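What follows is one structure encoded as structure tokens, with my remarks underneath.
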Amino acid sequence: MERHIGLWKEEHGEKSTVAELIIDGNHIEFYNRDAQGINGCAFVGSDNDHRYKVFTNGLAEFGKYRTLNNVACYKTIYVLQQNCDFKKGLEIEGINSASFIIPELIDWLAVRTVDWGTNEQNEMIAIETKFPNIILKESNPKIEIYFETRSSLYNPDIDDRIAFEIRNQPRVRIIYDEPSNVGKLHSDIKGIMQFFGLMIGHITDVLDIRLDIQDQNLKSWLYINEDFSYNLRTITSTDTPRTKLKKVEENIKKYFENWYDFYFDDKFELIRRMYFESNKRKDIYAHDILVQYVRILEGYHLRITDDEKVASTLDKDIKNMIFTDEGKELFTPIFQKAGWTFTSKHAKSVASWISSGFLMKTTLSKRLELLDAEYFNIIIKNADEIAKLEKIPIPNEVEIPKDFNYYQRIADTRNYYSHYKADAKNVLNFTQICNTINVLKALLIMILYTHMGMSKNDARKIIIWDDELHFQTMSLREEGELPDIE
């Protein structure tokens with residue numbers, strides 16, 4: 001964690017006040033004794049070593065790391081660090097390229113980038129291993145993994161007479177065809193983090209973001225105040241990466257380019273975003289996660305079937321039909337029976353009811369069943385195990401209820417917690433909910449893998465050995481199937 005206390009002033013002002021900037025990974029807090037910048041504004045200051053520009057958007061609640069008193073807390077969006085003059089304004093533009101560190105990337109690469117060795121005189125030496133760049137995307141923008149070598153030669157904290165350090169750090173680099181802005185960079189970083197979150201199984205922070213800005217000789221460092229983490233709530237010390245480069249190297253460029261297109265596809269933006277929101281660091285009640293996953297699956301099925309699009313055209317077609325001669329003859333008596341006059345407003349209401357009925361013809365439980373059939377029936381293959389959890393503790397002899405409809409139980413549970421139903425009949429208990437979360441999560445991950453361009457069977461082969469989900473996915477293993485031994 002970094003803490004910078006010094007004199008700061010609002011970018012367009014002259015008055016300097018004491019302020020405190022705290023940076024902990026991708027968590028940023030900024031406190032200033034000048035509480036006048038309620039709307040979006042930027043503060044420029046220094047801790048005598050480095051100069052910072054803090055981009056804020058109004059006031060925020062106090063965080064947990066503050067040490068100054070009599071201050072206001074500002075909602076921080078970005079922090080820019082550089083040793084040259086800052087451009088005025090709330091935009092960061094002219095970005096030619098950027099690079100950053102993902103701490104978990106080295107686990108996924110599964111390589112040693114440095115090693116020990118000896119020379120001809122049998123003296124110990126440090127060795128840097130050379131690796132080619134790994135291209136994830138060819139252009140617009142170009143995205144790659146490269147390896148940056150650094151030594152302690154000019155590090156004042158290390159006495160190079162008695163010690164020496166060498167680092168060969170994998171970094172992700174984004175190179176834009178045309179100068180870009182911080183909003184596009186922010187979005188690209190988020191898409192990259194989500195991709196590696198799925199491939200590795202968990203992700204923490206984006207670190208050491210360096211910017212190459214047009215017409216600026218010195219580099220800038222960018223800090224983003226956003227939780228980029230994925231799946232840290234359930235990780236254990238024994239968890240291993242879900243995939244490794246060696247296993248997917250042949251297709252990694254295809255997988256990433258497909259993911260990049262999917263990430264920017266407005267059709268699926270909401271469901272993708274809500275899945276990753278559900279898997280950040282923050283604690284969430286189990287039933288809320290279940291509700292969110294079921295909503296995502298329902299929304300996904302609506303999109304791939306285009307049912308909502310069809311319903312929207314039906315609405316207009318039915319209204320037009322009502323106003324034909326045959327329609328008027330058919331609907332006028334019905335309107336009169338309801339005490340309505342034959343008007344455009346009432347015709348529109350009737351058309352809306354009919355088109356809504358079209359959407360409701362496929363129930364939530366049926367949508368789950370249809371999706372399940374596309375992905376090896378992972379839900380129904382877990383039904384018996386979930387049914388056994390009906391009574392806790394589990395009795396010695398468990399009789400599985402013959403009328404246990406798992407799809408309907410999931411739908412009823414979603415409706416109970418989502419719509420605050422009064423009747424708790426058919427609602428899954430807490431233990432069943434926790435296990436069902438993993439079943440639905442495995443289904444969602446397989447769906448997301450297929451949008452990378454994986455075959456469904458390749459997605460299955462990954463998910464069946466997942467450390468977190470293997471109890472729910474082992475039913476998808478084929479007879480005699482064993483994990484790849486590296």
Side-chain angles (χ1 to χ4, degrees), residues 1-2 23-26 49-50 81 83 97-137 142-175 192-193 195-197 199-212 217-221 232 235-253 255-256 462 465-467 482-486:
M1 186 180 73
E2 304 175 32
I23 301 172
D24 184 19
N26 298 134
D49 289 326
H50 301 290
Q81 176 200 328
N83 292 325
S97 66
S99 70
F100 54 91
I101 295 171
I102 303 174
E104 294 73 27
L105 197 56
I106 189 65
D107 297 324
W108 181 75
L109 294 170
V111 295
R112 290 185 65 92
T113 64
V114 294
D115 213 334
W116 295 107
T118 56
N119 59 17
E120 294 178 354
Q121 288 74 40
N122 206 32
E123 296 169 334
M124 187 173 287
I125 58 174
I127 301 171
E128 163 205 354
T129 307
K130 294 289 187 181
F131 294 99
N133 292 359
I134 300 165
I135 306 299
L136 300 176
K137 191 173 183 295
K142 181 178 181 179
I143 301 176
E144 63 183 358
I145 299 171
Y146 73 103
F147 296 83
E148 179 187 73
T149 304
R150 286 195 167 191
S151 72
S152 58
L153 185 60
Y154 300 106
N155 187 342
D157 296 326
I158 295 180
D159 185 346
D160 59 10
R161 297 171 301 174
I162 59 173
F164 188 75
E165 180 184 86
I166 186 170
R167 297 175 63 86
N168 193 9
Q169 176 73 57
R171 297 179 65 92
V172 178
R173 178 162 53 202
I174 306 171
I175 305 171
I192 293 167
M193 291 294 281
F195 174 80
F196 282 111
M199 297 302 284
I200 299 172
H202 63 275
I203 215 87
T204 52
D205 295 303
V206 182
L207 303 177
D208 193 30
I209 306 173
R210 300 182 202 153
L211 307 183
D212 177 14
N217 293 328
L218 298 177
K219 286 192 179 294
S220 299
W221 277 258
L232 299 182
I235 188 173
T236 67
S237 59
T238 59
D239 280 8
T240 57
R242 184 176 288 151
T243 69
K244 292 186 179 180
L245 176 62
K246 184 179 180 181
K247 295 182 180 180
V248 297
E249 189 169 12
E250 184 179 342
N251 295 304
I252 190 61
K253 184 168 166 289
Y255 291 162
F256 182 82
I462 293 172
W465 305 112
D466 184 76
D467 288 334
L482 297 173
D484 294 334
I485 305 297
E486 297 181 11

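Everything numeric in this text was worked out from a predicted model, so none of it was measured.
F256 places none of its side-chain heavy atoms less than 4.5 Å from the side chain of I134. Inter-residue side-chain proximity for T243 and Y255 is flagged as unmet; no heavy-atom pair is nearer than 4.5 Å. Considering only heavy atoms from C-beta on, I192 comes within 4.5 Å of I174 through its side chain. With a 4.5 Å cut-off on side-chain heavy atoms, I102 and W108 do not count as touching. For the pair Y146 and S99, the minimum side-chain heavy-atom distance is below 4.5 Å.
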Side chain to side chain donor-acceptor pair (under 3.5 Å) assessment of T204 paired with E104: CA-CA 8 Å; T204 52; E104 294 73 27; 2.6 Å; yes
Test log, rule side-chain contact (heavy atoms from CB on, under 4.5 Å), inputs I101 and V206: CA-CA 6 Å; I101 295 171; V206 182; over 6 Å; no
Intermediate values then yes/no, side-chain contact (heavy atoms from CB on, under 4.5 Å), F131 and L109: CA-CA 11 Å; F131 294 99; L109 294 170; over 6 Å; no
Chi angles and distances behind the side chain to side chain donor-acceptor pair (under 3.5 Å) call for Q169, R167: CA-CA 6 Å; Q169 176 73 57; R167 297 175 63 86; 3.2 Å; yes
side-chain contact (heavy atoms from CB on, under 4.5 Å) between F195 and I143, intermediate numbers included: CA-CA 13 Å; F195 174 80; I143 301 176; over 6 Å; no
Derivation of the side-chain contact (heavy atoms from CB on, under 4.5 Å) call for I135 and K142: CA-CA 8 Å; I135 306 299; K142 181 178 181 179; 3.8 Å; yes
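The environment of Q121 atom CD is dense: over 12 non-hydrogen atoms of other residues, nucleotides or ligands sit within 6.0 angstrom.
Heavy-atom minimum distance, L211 versus A98: CD2-CB, 3.8 Å. Taking each heavy atom of A163 and I158 in turn, the nearest pair found is O-CG2, 3.8 Å. Of all the heavy atoms in P132 and F147, the pair that sits closest is O-CE1, 3.9 Å. Nearest approach of L207 to G25, heavy atoms of both residues: CD2-CA, 4.1 Å. Contact detail for L105 and F196: the closest heavy-atom pair is CD1-CE2, 3.7 Å. Here the shortest heavy-atom pairing between K244 and A110 reads CD-CB, 3.9 Å.
Between atom CZ of residue R173 and atom CD of residue E144 there is a gap of 4.5 Å, rounded to the nearest 0.5 Å. For the atom pair CD1 (I125) and CH2 (W116), the distance works out to 10.0 Å, reported to the nearest 0.5 Å. In this structure, CD1 in I23 is found 11.0 Å from CE in M1, a value given to the nearest 0.5 Å. Atom CD1 of I145 is separated from atom CZ of R171 by 12.5 Å, given to the nearest 0.5 angstrom. Here L232 contributes atom CG and H202 contributes atom NE2; the two are 7.0 Å apart, rounded to the nearest 0.5 Å. With values rounded to the nearest 0.5 angstrom, N83 atom CG is found 7.5 Å from W221 atom CH2.
Although no hydrogens or angles enter the test, the distance criterion places a donor-acceptor pair under 3.5 Å between the side chain of N155 and the main chain of D157. No donor-acceptor distance shorter than 3.5 angstrom exists from the side chain of N26 to the backbone of D205, with no hydrogens or angles considered. Distance alone, capped at 3.5 Å, is enough to place a donor-acceptor pair between the N168 side chain and the T129 backbone.
Checking T240 against D467 by side-chain atom types alone, a donor-acceptor pair falls below 3.5 Å.
The pair D212-R210 fails the salt-bridge criterion, with no side-chain N (NZ, NE, NH1 or NH2) lying under 4.0 Å from an Asp/Glu carboxylate O.
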